[in-house]
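Report on the following structure.
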Amino acid sequence: MQERRLDDLLVRITEYTRPNACVLALLGSTGAWNTPALEHAFHAAAATERPLVVDLTGLYFGDEVLLGILIQAHASLRGLVLINPAASSFARRLHRTGVEELFNTQNTLSLALAQLPGRPHLR
């Protein structure tokens, strides 16, 4: 029997803003046990009325709850970009469910921000 540490079952959500976006960085694993935290973070991000960038670089596992939240965010926000979903098993979930084409994905934050409406002009 393999024992799992509690930290392996948690997701850490870091929210910060950029001039043209709200960024949520997910670290760890999502699951039913942290659905309220995910929903709260996405609702708070939507309330900023800025496009959303979701950084999945540090995500070890993303479940169907995260998938549903991302699909809902895609439908309701004026801009959504995912950073590096291929770095986790979540890329397989996106592919298997046939929704990977819904999402604009980029490898870095700077590339993601450049894809959003209202991006600031770089000098």
Side-chain angles (χ1 to χ4, degrees):
M1 183 171 141
Q2 185 178 8
E3 188 175 310
R4 281 191 85 157
R5 293 181 11 204
L6 183 57
D7 328 0
D8 294 341
L9 300 175
L10 300 177
V11 65
R12 180 180 302 154
I13 305 165
T14 304
E15 178 182 346
Y16 54 97
T17 57
R18 291 290 188 247
N20 66 325
C22 180
V23 180
L24 294 179
L26 306 182
L27 175 65
S29 299
T30 66
W33 52 88
N34 50 37
T35 299
L38 280 170
E39 289 175 340
H40 176 75
F42 276 81
H43 287 316
T48 68
E49 298 184 358
R50 295 172 186 241
L52 178 62
V53 174
V54 181
D55 187 347
L56 302 173
T57 304
L59 188 70
Y60 306 130
F61 175 80
D63 70 338
E64 63 278 355
V65 172
L66 176 60
L67 179 63
I69 290 172
L70 288 172
I71 291 171
Q72 183 178 19
H74 175 290
S76 63
L77 297 173
R78 66 182 182 124
L80 173 65
V81 181
L82 304 182
I83 298 175
N84 216 7
S88 70
S89 63
F90 193 63
R92 287 190 299 277
R93 185 175 301 276
L94 291 172
H95 178 72
R96 287 182 184 147
T97 56
V99 298
E100 66 187 338
E101 297 299 320
L102 280 179
F103 300 105
N104 178 354
T105 61
Q106 298 297 323
N107 291 328
T108 66
L109 179 59
S110 59
L111 291 172
L113 293 174
Q115 298 297 309
L116 294 172
R119 69 176 187 245
H121 295 286
L122 302 175
R123 293 178 189 212

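Atoms considered below: every heavy atom in the structure, side chains included; atoms not considered: hydrogens, waters and symmetry mates. Residue numbers count from 1 along this sequence.
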Least distance between heavy atoms, [X] atom then [Y] atom:
X	Y	value
Asn34	Ser29	ND2-O, 3.0 Å
Arg93	Gly62	NE-O, 2.8 Å
Pro85	Leu94	CB-CD1, 3.9 Å
Asp63	Phe90	O-CE1, 3.9 Å
Pro51	Leu116	CB-CD2, 3.6 Å
Leu70	Leu80	O-CD2, 3.7 Å

So, taking the atom named [atom1] in [X] and the one named [atom2] in [Y], what distance separates them when rounded to the nearest 0.5 Å?
X	Y	atom1	atom2	answer
Thr30	Glu64	OG1	CD	8.0 Å
Asp55	Leu24	CG	CG	9.5 Å
Gln115	Thr105	CD	OG1	9.5 Å
His43	Leu38	NE2	CG	10.5 Å
Leu77	Glu49	CG	CD	10.5 Å
Leu26	Glu15	CG	CD	11.0 Å

* Quick one: does Arg50's side chain have a donor or acceptor within less than 3.5 Å of a partner on Pro19's backbone? ->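 It does hold such a pair.
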* Asked: Heavy atoms, side chains only, cut-off 4.5 Å: are Arg18 and Leu109 in contact?
  ->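 In short, these two side chains touch, coming nearer than 4.5 Å.
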* Asked: Does the side chain to side chain contact (heavy atoms under 4.5 Å, CB included) test come out yes or no for Ile71 and Phe103, once each step is laid out?
  -> CA-CA 9 Å; Ile71 291 171; Phe103 300 105; 4.1 Å; yes
* Asked: With respect to Leu59, which candidate in Leu66, Leu27, Val54, Asn84 satisfies the side chain to side chain contact (heavy atoms under 4.5 Å, CB included) definition?
  ->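 The single option meeting the side chain to side chain contact (heavy atoms under 4.5 Å, CB included) with Leu59 is Leu66.
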* Asked: According to a 4.5 Å side-chain heavy-atom criterion applied to Ile, Leu, Val, Met, Phe, Trp and Tyr, with indirect links allowed, do Leu111 and Val23 form part of one hydrophobic cluster?
  ->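 Hydrophobic grouping puts Leu111 apart from Val23.
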